[in-house]
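Predicted model, so just to flag it, every value in this text is computed and none were measured. Lettering of chains follows the sequences in order, A, B, ..., and the numbering in each one begins at 1.
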Amino acid sequence: MTDRPTKQGRGRAAKARDTVDWTLPVDPDALRTTLLDWYDRHRRTLPWRASPGEHSDPYAVWLSEIMLQQTTVAAVKGYFERFLKRWPTVGDLAAADRDDVLNAWAGLGYYARARNLHRCAAVVADDHDGHFPSAVPDLKALPGVGDYTSAAIAAIAFDTPATVVDGNVERVITRLFALETPLPDAKPDIRIRTGRIAPDTAARRPGDFAQAMMDLGATVCTPRAPKCLLCPWRDACRAHAMGEEERFPLKKPKKPKPSRQCTAFWVTSGDHVLLERRPAKGLLGGMPGLFSTPWIDTDTQDMADDWQSHLPLSGNTRTLPGTTRHTFTHFHLETRVIVVSVKVVTDIENGFWIPLHHVEEAGLPTVFKKMAVHAVSKGSGT
DNA sequence: GAATCGTGGAA
DNA sequence: TTTCCAAGATT
């Protein structure tokens, strides 16, 4: 495979393509064929994966791909099956109440995905007659669908040639070529190299190839202790030849996580508890939670003990022993819980009351679920 | 381009 | 206990 002749007015990608240094002992077509053979022999059964030869439902593909963003297969399985059973079509999901969708998503994390999921379903139902578009640019225009997901849906659901690059592909490609450029700077190069190996026609099975690349990364070319003896690309892999598989991909150093702390309020009245509906945007946006003081940075702020002014309702208060801890993507949170007993159920802004025995179905994100468990276990002494 | 945005499992 | 990381998107 040779580089194309130079043309005028090329973009950055085209320019980089000419400078790609292809130094593997085998050509792209051989790599693609070898990988597809491996996939046919090792294909995994997954809830969202069509059987060989069967047509996959674009709605199911889209739903699974959104859920799988930065999330493990094991964590997604149950959620995927519950969603598909409750909302069998994109029209059903579009017609669902937003809070019901958020409730069903609770615990899976990255809640902007759930908000975008519901918005996207509405767009597909309203603007696309209930059918997902098949072209990458049209898919990428949908809420929550970016570079990876648009390519994945096009390839897997419609067998359209598309360059699918996720974290698995990045790892496989950087090892195959022993790329010394750290992520994310290496992304454009990785995309170009992946595009060279990937199928360029529907007949060459773009969907299977994309899934094969990701399966290879997930089961063989793993971050730690890769199973190179089982790898179909073992003989071509430069990192393997160097004996330095685990050194790739290189990554830019990440910043340390700061710590924050807050005081949360477990407000009860009789057998009811008060929860907050959080603002629609930002951290845990749109989700239910406990009222609390602001989450203050531990390093820059003193242990501010001014929880009184943030008390949502006045009542008898009791500070529980101990704290709960939770780690988000970019900070740690330590929470002290104060039990507040109020005389009568009183409505307040952004607040809602639920029976205590329904807390488990309230759809609390994990950080709040920890606080609720703490309150119930430590606070039952009154 | 850097920050933001969850969670649970593995080492 | 801490760190890493998993089928990324958005701002």
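A salt bridge is absent between A:D147 and A:R191; no separation between the charged side-chain nitrogens and carboxylate oxygens falls under 4.0 Å. At a threshold of 4.0 Å, the pair A:D215-A:R49 counts as salt-bridged, since one of the basic side-chain nitrogens sits closer than that to a carboxylate oxygen. We find that A:R224 and A:E246 are not joined by a salt bridge, their nearest charged nitrogen and carboxylate oxygen being 4.0 Å or further apart.
Nearest-nucleotide assignment on DNA chain B puts the 5′-proximal partner with A:H330, out of A:H330 and A:R224. Judged by closest nucleotide on DNA chain C, A:D166 is the one of A:R119 and A:D166 placed further toward the 5' end. If A:G144 and A:R49 are placed on DNA chain C by their nearest nucleotide, the residue sitting closer to the 5' end is A:R49.
Between A:Y111 and B:dT7 there is a side-chain N or O to OP1 or OP2 distance below 4.0 Å. Within the 4.0 Å cut-off from OP1 or OP2 of B:dG6, not a single side-chain nitrogen or oxygen of A:H326 is found. A close approach under 4.0 Å does not occur between any side-chain nitrogen or oxygen of A:K257 and OP1 or OP2 of C:dT2. Within the 4.0 Å cut-off from OP1 or OP2 of B:dG6, not a single side-chain nitrogen or oxygen of A:T366 is found. In this model, the phosphate group of C:dG8 is not approached by any side-chain N or O of A:Q69 to a distance below 4.0 Å at OP1 or OP2. Distances shorter than 4.0 Å separate some side-chain N or O of A:R171 from OP1 or OP2 on C:dA6. Of the side-chain N and O atoms in A:T327, none sit less than 4.0 angstrom from OP1 or OP2 of B:dT7.
In this structure, A:V169 reaches neither bases nor backbone, as no heavy-atom distance under 4.0 Å exists between it and the strands shown. Across all strands, A:R44 comes closer than 4.0 Å to base atoms (heavy-atom distances). Contacts of A:G107 with the nucleic acid, taken as non-hydrogen atoms under 4.0 Å apart, involve only primed sugar atoms and P, OP1 or OP2. A:L46 comes within 4.0 angstrom of a nucleotide base, judged by non-hydrogen atoms across all strands. Counting non-hydrogen atoms under 4.0 angstrom, A:P184 reaches nothing in the nucleic acid. Within 4.0 Å (heavy atoms only), A:W62 reaches no atom of the nucleic acid at all. Among the protein residues, A:V367 comes within range of the sugar-phosphate backbone only, with heavy atoms under 4.0 Å from sugar or phosphate atoms but none that close to a base. Among the atoms of the strands shown, none is found under 4.0 Å from any heavy atom of A:I66.
On the C1' atoms, B:dA2 is 23 Å away from C:dA7, given to the nearest whole Å. If you take atom C1' in C:dT11 and the same atom in B:dG1, they sit 11 Å apart, rounded to whole Å.
Cation-pi geometry between A:R278 and A:W295 is satisfied (NZ or CZ under 6.0 Å from the ring centre, within 45° of the ring normal). Because its NZ or CZ atom is both nearer than 6.0 Å to the ring centre of A:F331 and within 45° of the ring axis, A:R260 counts as a cation-pi partner of that residue. Annotation: cation-pi pair A:R205/A:F209 absent, no NZ/CZ under 6.0 Å from the ring centroid and within 45° of its normal.
Side-chain proximity of A:N116 to B:dG6, C:dA6, C:dT10: nearest is C:dT10. Proximity note for A:N168 (side chain, C-beta onward) versus B:dG6, C:dA7, C:dA9: the nearest is C:dA7. In the set C:dA6, C:dG8, B:dC5, the nucleotide with an atom closest to the side chain of A:T149 is C:dG8. Candidate nucleotides B:dG6, C:dA7, B:dG1 were compared by shortest atom distance to the side chain of A:Y110, and B:dG6 ranks first. Ranking B:dT7, C:dG8, C:dA7 by closeness to the A:P365 side chain, first place goes to B:dT7. Relative to the side chain of A:K252, the nucleotides B:dA2, C:dC4, C:dA6 differ in distance, and B:dA2 lies closest.
In this structure, A:L364 places its CG atom 14 Å from C1' of B:dG6, rounding to the nearest Å. As rounded to whole Å, 13 Å separates atom P of B:dG6 from atom OH of A:Y79. Following rounding to the nearest Å, A:L102 (CG) and B:dC5 (P) show an atom-to-atom distance of 16 Å. Atom CZ in A:R325 sits roughly 17 Å away from atom P in B:dG8 (whole-Å rounding). Straight-line distance from the CZ atom of A:F80 to the P atom of C:dA7: 17 Å, rounded to whole Å. Computed from coordinates, the A:Q70 CD to B:dG6 C1' distance equals 10 Å when rounded to whole Å. Following rounding to the nearest Å, A:F328 (CZ) and C:dT3 (C1') show an atom-to-atom distance of 18 Å. If you measure from atom CZ of A:R191 to atom P of C:dA7, you get 16 Å, rounded to the nearest angstrom.
A ring-centre distance under 6.0 Å is found for A:F132 and A:W62. Between A:H326 and A:F328, the ring center distance clears the sub-6.0 Å criterion.
Evaluation of atom-type donor-acceptor distances gives no pair under 3.5 Å for the side chain of A:T71 against the base of B:dG8. The base of B:dG6 lies close enough to the side chain of A:T329 for a donor and an acceptor atom to sit less than 3.5 Å apart.
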